Each structure stands twice: as C-alpha cells, then as structure tokens.
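A short worksheet on the structure shown next.
From a predicted model like this one, the values you see are computed outputs, not experimental measurements.
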Amino acid sequence: MEKIYNPHSIEQRWYETWESNNYFSPDLTDSSKKNNSYCIMIPPPNVTGSLHMGHAFQDTIMDTLTRFHRMKGDNTLWQPGTDHAGIATQMVVERLINAEGKTRHDVGRDAFIEKIWDWKKESGNTITKQLRRMGASLDWPRERFTMDDGLSEAVKEVFVQLYEEDLIYRGKRLVNWDPVLHTAVSDLEVLSEEENGHFWHMRYPLSDGSGSLIVATTRPETMLGDSAVAVHPDDERFQSMIGKTIKLPLSDREIPIIADDYVDPEFGTGCVKITPAHDFNDYEMGKRHDLPIINIFTVDAAINENAPEKYRGMDRYVARKSIIKDLDEADLLVKIEDHRLMVPRGDRSGAVIEPYLTDQWYVKIAPLAEPAIKAVEDGDIKFVPDNWKNTYYEWMNNIEDWCISRQIWWGHRIPAWYDDAGNVYVGHDEQAVRIKHKLNDDIQLRQDDDVLDTWFSSALWPFSTLGWPEKTQELDTFYPTNVLVTGFDIIFFWVARMIMMGLKFTGEVPFKEVYVHGLVRDSHGQKMSKSKGNVLDPIDLIDGIELETLVAKRTKGMMQPQMAKKIEKATRKEFKDGIPSFGTDALRFTFAIQATTGRDIKFDMGRIEGYRNFCNKLWNASRYVLMNTEGHDCGIGGLEKHKNMSFSLADKWITSRLQETQKQVIDSLNTYRLDLAAQAIYEFTWNEYCDWYLELSKSVLSIDNESNRDAQQGTRYTLVSVLENLLRLTHPIMPYITEEIWQRVAPLAGISKDTIMLEPYPQPDADKVNQAALDEMNWLQQFVLGVRQIRSGYDIKPGKPLIVLLQNGSAIDKERLLNNELMLKKLARLETIKWLEESDDVPESSTALVGEMQLLIPMAGLIDVDAERERLNKEITNNQKFIKGLEGKLSNENFVSRAPENVVALERQKLSDAQGKLKSLTEQLEKLKSL
RNA sequence: GGGUGAUUAGCUCAGCUGGUUAGAGCACCGCCCUUACAAGGCGGGGGUCAUAAGUUCGAAUCUUAUAUCACCCA
C-alpha cells in the first residue's frame, strides 16, 4: 500500500467493478426475500441539472442507509431516475434558441420539444455520472425518467381516473400568472418577498357629487378594473355612503360602495378598492357581492381592450405612471407614501406575478387530503424529526385545490380533447376518447394545449417507477417503500402530494417514514447561490480545483457583473491555494457526521480536511496491520481452530470496545442518527484502536520467541479481526476506502469474497464484552497518563527512560502490574517499575494517582521541588472544592432521602475516592515540606 | 401578525427519557520527525451552557417570560 492515502487511485475503479457486477441490484428471483425488502426512492433530480451540495448531502444519507440495509441482508433497492422539470428545462433550451436569435414560437411546438429531447440526451447523464462519483449504489438498470413511456402511461391513467371521479375539473379561476413565461404557476412556485414600494392615496368622487372617498393602493393601475369600493359595515365614518355609487376616475364607470367584514378599518384609509379580476381577496369579495369581474390585462400584463383606450397596450408599469400622472392632473391624487410590501415573484422567471383570470385544470384536493392527514395521525407515516408533522398538518388543513395545468410545451400533455362545440372528452388517447364517446372520425377533435404541472408526475414516483398501473413483482416487493429522504423545502410540493396520490391509487402509504434533513450552507451560514458566488461544487471537493479555475467558475455568467470583483476577492481570500482533493469518502464522512436531525449544515473546509485526515489515519493503521500480519500466522478460525491461542489484556479490551461501538453504530443508524454513528466510528478508530491498541500490540509483536507464539497469534488475530469488522462497520459511510483496504485484510481473516459491500453487517456479541478487561485497561491507561503528565509537566524529554516507584497498592494493583509490566514500560517509556516497601526511604518525587495506588517518579535532577509543591497545592485546592460540593450534597437530608439509591451511592463513592485522593496528595505535600 | 427551530470553548457542533468536576473536531500553547501515519504523536490552556424567574433533593436538559438570529406561512 502507498504511504499516503490517495483517493483518486481507488474510487473510480471500485465503482466500475460494483456496477458492472450488478452488486446494486436486489434479488427478485427469491420470493422468500419479499418480507425483508428495503427500498428508497431517489428524489428525482432535474434531468438537465448538475449535482449540488444539497444533492451530495442527501445522496450520502440515502446511500449510507441503502448500503447498511443491504449488508444487513435486506433485499434492497435504491431506485434511480430523473425528473423532466417542465419549466426549468424548457427555459434552458429556450435560452439556447434565443441565443440564435429565435424564439420557441419561431421553431414551433413539435420541433421545440424535439430539441429538448436532444438536449436531454446530451446533458441528461451529467447528473447520473456525478451520482456515480458519490459512490451512490443506485440500481441503474432500473433508471426511470418522468416522461418515459411507462411513467407517462401512469400519468394518463391517474388523470383519467381522477377526472372520472370528478376529482379533476376545469374551471375559470384566478391563478398566479407569470407574464414572462405565459403560464399559470401554483401557489408554491410563487415566492413573496418584502420590497420597497409606495402606497398611493387616490380620491374617488361620489356619483351624486355629495363628496368623495379616499382609497389607498399599492397597485394603482388595477383601478381600471375596479368594480366596487368596500368599507367595514361598522365603520361610522362611512355609514352614510354605503349603497351609494362612485364615479370611477379615468374609466367613468359607476361602481357601488359596499360593506364587508373583510375590510380592516384601521388599515390605510379604511376604504378599499375592489378589483375582482386582479386580487385574490377581491375575487372572493366579488363573488360574495356578485360584482362584475373586469380583466384589464393581456397575457403579458399589458393593458387590454377592457380599459379606456388611452391606456391600451401599455405595460402595467408604464400604465401605472401614466395613471398617476393623470390622477394628479385631475387633482385626485392625495398623497404618496413609502411602503414596504410583499411582492410575489415567479420562482423560475423572477417576474412579478399577477393574479389573472384563466381557464385551468384543477385537482379537487379535500377528498385526497383527508386520508393523507389521517395516515400521519395514525402513525402509518412518521416524520423524522417528529415535529415536521406539525408543518405538514398546518399545510394540509389549509390546502386549496391544486392548479395542475401549465401553459408551456415541455411536459405531459393534458389528455383532454375538445370538439368544435367546446365539449371536453378525457381519455388515454384520441382513439380511446372516440370509442368511449362514440365520436365519428368526421368530428374534429383538438387536444388541450396545456401540459401538467411537473409535480403531478413526481407525485406518482414511488409507484409509477415500480411499474404501476401494471401489477408488477417490483410493486409487490418494494411498495410501500421504507423511507423518503428529503429537504423540508419540498414537503408541500412533493411529499404531501405523493402521500395523497399513493393512498388514492394503491390504497397504501408510499413510504413509512420521511427523514427530513437540513440545508447545506456556506461556512458563514449563508445559502449557497450563484449570485452570491459562494457555491461549492461537490465534485471540486472530491477532485480538487485550482484557485484560478474556481474563481473563473464562480464569476462566469453573472447576472450582476459588478459582483464579480467582490466574489473574486472573497474567493481568493478563502481559498488561497484552491481546494485540495479530499476524495468522496472524506466528503461523505463530513456530511454523515454533521447530519444531526433537522439542522442545517454550515460547510466548513476545516471539517472535511479533518475527515480526509481520518481516512489517512485508517489507511496507515491498515498498513501497520498488514505489515505485521501478512505472511504470519494470524490464527484464522479463532480459538476453535487454535486452542492455544492466547489473548492479551489489550486484545480482550479492544474486542470488548468493538462490540460496544458496533451496538452504538447500529442503534444510531436505525434511528437516522448518522452523526452519532460516524462519531462512534471516528472515536473508536482513532482514540482506541490506533492510539492505544496498535501501540500496545507493538510490545507483543516485538518479542519474537517460541514462548510468545500463542500471544502473537492472539494479537495478530485480534488486529485483523477488529480491523475487518471496523471496515464493514464503516463501509456504508465510506464505501471506497473500506473496500480497498478490505480486499487486502479479508483474506487474513479467512474471508474470500469478491466485495465488502455484500458482506454481512457486523453484529455486536455481548459475550465478547469482557468487563474485567475494560476495568484493567482503564487502570493501565491511568497509569500511563500519570507518567506522561509528569513527563510533560516537567519538560522531560519524551525519549528519556524513567524510573517509577509504586506505593499503597492493593493486591489487584500488584496483579495488574505483573500482567502488564511490559506494556507499561513500552507505552510510558519506563526503565524500571518497583514497589516500595513500608520500610523503604521515599526519595523526592513527583507523584500521580491510579485509584489508591501512588505512582512516584524520583526527582533527582529532573524535577523542581517548588514547582512540584505548587502543582500539588493546586490539585489539593481543586480536590477540596470538589469534596465540599459533595459533602454539601450528601448532608442534605432531602437529597439522601429522595434521590434514587444508586445516585446517592454513586455520590458517596465519588466522595470517598476524592477523600482518598486528598489524603494521598496531602501526604505527598508533607513529604516535600519535610525535606 | 401566526408557526417552527436555534442560542453550549475563539470557530463548527455533540450532549438521547433531568444525576459527568459539561465533551469532540478545528484553532491556540509547549515538547517530539519514536520504522503505520507530521494529513502524525504526547501533554496543556480555554465555557456563569443567551437572560430572568419557576418546578425539583438535583436543571445545559423540564415550564414560563424576555432578548437575539434563522426559516416557514399570512
């Protein structure tokens, strides 16, 4: 093995091996495995997208769970696939066409869609290649795409069924209209943010000339569509005006003054202009009062022919200016206030969304939501962490009908046809519609131009990918799936809709648990975004990137070029030497150890560097093991085959600790605490296996004679078996490095298999936990630590051999010393260890305690008496404080009588230990004084 | 305005159903290139657990209020 861990040379090779051997595929030939199936559906990434840090985090979680369950013996499927991402993809391709100076309308619908398919072929494997780089063990032969034939069939089937049950309807409603994209978008695709704006106060004169009202608005151009002015029914200021009419300025229409509870008398002037065609609240009020709905906008949000001629054709903001000017000239503009208001923008186009009256398709959601709420209430679906169910309820209880039609070209075209009379026919295809409704060929049918919201097909993902509506073996085996891993941002878009559709069409929940993870942010806690220039590409962390390339990447194609300088400066400052190559395993470990439930991750370069170092540590520890075991007798088969093999304290201890670690890792993975699992692995590997066990093994391996053969065999056996177990334990989180090392180590443990990833996951064995060994090892560690502290405290060179004298030892201490003298000498660099008799003179020493036993290092020429005195005094003071606290506690009648017995006993034990220690420290101080 | 979460060492975070002299990594200080690893070893310093009140024999942990921050929904 190379001296330095080099992820590059191993990762690519192993992934190809795994994939080409179909190790990722579940076994469907054996029906007995049906009962222990495990399945995760990947949230399908946009087919034309590329991997970002959020994906990398999420995929690490899913792959860790998948590999864990596969090794546990479950029949495991991680289902891959991509999403056609209607608007996003269409926009990408449209931009390409725009660059050629054409629009999609110049190209035409069919040709445009053809171009998108071409684009998909070209760029669609970017993200799947990147998923492979992450080590994701997805079953690639099953890869699906939301627009492939099978899934499209499922979409039609669902649409037709819902329509036939009156759960899909077509209606003229106010929708969120994107005037740039020319399509309706759902509530969820609209992002409202507070922006600076104005509040215009306008005077509306009464028709009878008896006075006027002042209305305030943030969108004055909508006055062209006003059909009433509303006041609160109890508002005394306006009582006399209710029922009268107003002469609407500029339009010269007469509109009524109405009373409605909705009006907040405190807000603005207490009078609200009502524009039912262009405001959601006004629309509702218009329905209540039977007001006319006057649409004044074109699809571009320019003024249409329903408005006075003067304004027709003007863009909404041009019209706004013109209207303000005209009002001002007519002396009807009272004042303009600065105002912060919520501005709704399309999440794709960034355009200000207008409420707009159009014909759209809707899903009647209430009948679907009810069972979906119940499934969570009944515990059929559990959220992890649990509190997300509140967010889910909150939304589900206030859910509105879902607008599923989009006026774009890329997507599943709505399976509805119209005849010339305007009748609607819904069916799988035109032929089916004709047969069902007995329509002759001479009747012209025209398919609806709209396509379905992308989330409509995503909602079917958990069962459509498994072959639904066919009754497939895959559905039978893997549905309901086990867990959905997702960010909270799409609980509404996607999770809730999958639950509703899953229950509706399969009668079962689509997944039993929803694991909600946090967002990956930059090191300052900022969201990563192109415009901030703080985006990290997971592939760059794996492969490394030169500073210049990184700067170029971050500043290319900026929306606001003036930001480029700032970004360049910040990037050069943060990444002075670019980013080194950390490898996939280090990246995955970084994600895993930070995956505390429901918390965002601040991505810190220090962390990933630390875990790259951890990989190196594991690598080098393995080198040590191999160096000392290859070509030697490693006791393959264990005690059963080698009756004389003997185990040292260290062997028994590390074996015990391995069991405890395994238990903790398994428990943690079962409860989605990847952070605790990774933490346990890290600590065991570094702080126990490497820092103590490997060091202790050296003293056994250094004595190469006949009488030590059984002990060497035991140690070699333990070195190998613990490492082999540790590699399997770690594999789900770090697949590559564990496979690479395991290939060398497994044969030494008598295992000859092709891959670690199909080996069983380690199981803790309680019989292998040796409490006596754990206690004795603790004694040994205290001993070594005591010597090291003295050595370091007095600047004694690490290499200088020391003499240790022991006092006040019990029989156990004596026995333990006898057992471990060799190891102690080696670890603490001791020349001799000697018991002092009562009668012996005690030389000037610095001392440490191991329980009751005193450990003395003679000071002659090494240690400064004053310094030692000071050190003792300090420790005595600390100890006295501690004792005082304990005594206070134990003299408290309430504590002794009310606290559980074991707690009291523990405190008593602590007190007596501390008192013993104090006594011993005081004696030592006395000795120094008397000298 | 409503909701959710957070606040623990200089930084990034653990601390599970209340009982540790409050932990880790990074950073910091000192010593050391000891044949697995300097991407390392050994030792060390550093925290009134946001604030206040309460429950309790006992609170980082439970309750309430306040402050600050973040996100979601109006």
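Among the atoms of the strands shown, only primed sugar atoms or phosphate atoms (P, OP1, OP2) are found under 4.0 Å from some heavy atom of A:Asn387. Among the atoms of the strands shown, base atoms are found under 4.0 Å from some heavy atom of A:Arg607. Counting non-hydrogen atoms under 4.0 angstrom, A:Leu785 reaches the backbone sugars and phosphates but no base. Using a 4.0 Å heavy-atom criterion, one finds that A:Asn616 contacts the bases of the nucleic acid, with or without backbone contacts as well. Across all strands shown, A:Lys910 has heavy atoms under 4.0 Å from sugar-phosphate atoms exclusively, and none from any base. A:Arg788 comes within 4.0 angstrom of the backbone, heavy atoms only, and of no base. Within 4.0 Å of A:Ile593, counting heavy atoms only, lies no atom of the nucleic acid at all. Among the heavy atoms of the strands lying under 4.0 Å from A:Arg673 are primed sugar atoms or P, OP1, OP2 only; no base atom is included. Within 4.0 Å of A:Tyr611, counting heavy atoms only, lies no atom of the nucleic acid at all.
Atom C1' of nucleotide B:rA24 and atom CD of A:Gln594 are separated by 13 Å, given to the nearest angstrom. Note: CD1 (A:Ile601) to P (B:rC13) measures 9 Å, nearest angstrom. Protein atom CG of A:Leu676 is 16 Å distant from nucleotide atom P of B:rC13, rounded to whole Å. In this structure, the CG atom of A:Asp675 is 14 Å from the C1' atom of B:rG25, given to the nearest Å.
Proximity note for A:Leu694 (side chain, C-beta onward) versus B:rG19, B:rA36, B:rG41: the nearest is B:rA36. Out of B:rC42, B:rA36, B:rC71, the shortest distance to the side chain of A:Phe488 is found at B:rC71. The side chain of A:Phe492 lies closest to B:rC72 when the candidates are B:rG19, B:rA14, B:rC72. Side-chain proximity of A:Arg612 to B:rA39, B:rA24, B:rA36: nearest is B:rA39. You'll find that the side chain of A:Asp795 is closest to B:rG30, out of B:rA36, B:rG30, B:rU20. Of the candidate nucleotides B:rG41, B:rA36, B:rA39, B:rA36 has the atom nearest to the side chain of A:Met627. If you check B:rA36, B:rG30, B:rC37 against the side chain of A:Lys3, the one that comes closest is B:rC37. Of all nucleotides listed (B:rA24, B:rC42, B:rC31), B:rC31 comes nearest to the side chain of A:Lys797. The side chain of A:Tyr624 approaches B:rA36 more closely than any other nucleotide in the set B:rC31, B:rA39, B:rA36.
In this structure, B:rG5 and B:rC69 make a Watson-Crick or G-U wobble pair, each of the two defining distances being under 3.5 angstrom.
A donor-acceptor contact under 3.5 angstrom links the side-chain atoms of A:Glu695 to the base of B:rA36.
When each of A:Arg521 and A:Asn894 is assigned the nucleotide of RNA chain B with its nearest heavy atom, A:Asn894 is the one assigned upstream, toward the 5' end.
Side-chain N/O atoms of A:Gln789 include one lying less than 4.0 angstrom from OP1 or OP2 on B:rG44. Residue A:Lys617 places at least one side-chain N or O under 4.0 Å from the OP1 or OP2 atom of B:rG41. Look at A:Lys602 and you won't find any side-chain N or O under 4.0 angstrom from OP1 or OP2 of B:rC11. Checking the phosphate oxygens (OP1, OP2) of B:rG40, a side-chain nitrogen or oxygen of A:Asn613 falls inside 4.0 Å. Here A:Trp686 reaches the OP1 or OP2 of B:rG41: one of its side-chain N or O atoms lies under 4.0 Å away. Proximity of A:Thr596 to the phosphate of B:rA14: a side-chain N or O atom is located under 4.0 Å from OP1 or OP2.
Classification of A:Lys884 and A:Glu887 as a salt-bridged pair fails, no side-chain N sitting under 4.0 Å from a carboxylate O.
Contact record, A:Leu669 with A:Thr64: CD2-CG2, 4.1 Å, taken as the closest heavy-atom pair. When all heavy atoms of A:Gly518 and A:Phe57 are compared, the pair lying nearest together is O-CE2, 3.7 Å.
Ring pair A:Tyr611/A:Phe582: centre-to-centre distance not below 6.0 Å.
In this structure, A:Lys910 is not positioned above the aromatic face of A:Phe882 in the sense of NZ or CZ being under 6.0 Å from the six-membered ring centre and within 45° of the axis.
The aromatic rings of A:Phe614 and A:Trp686 lie parallel to each other, with less than 30° between the two planes, well short of the 60° mark.
Tested against A:Tyr392 for a ring-ring contact (aromatic ring centres under 6.0 Å, His included), the candidates A:Phe488, A:Phe383, A:Phe492 yield a single pass: A:Phe383.
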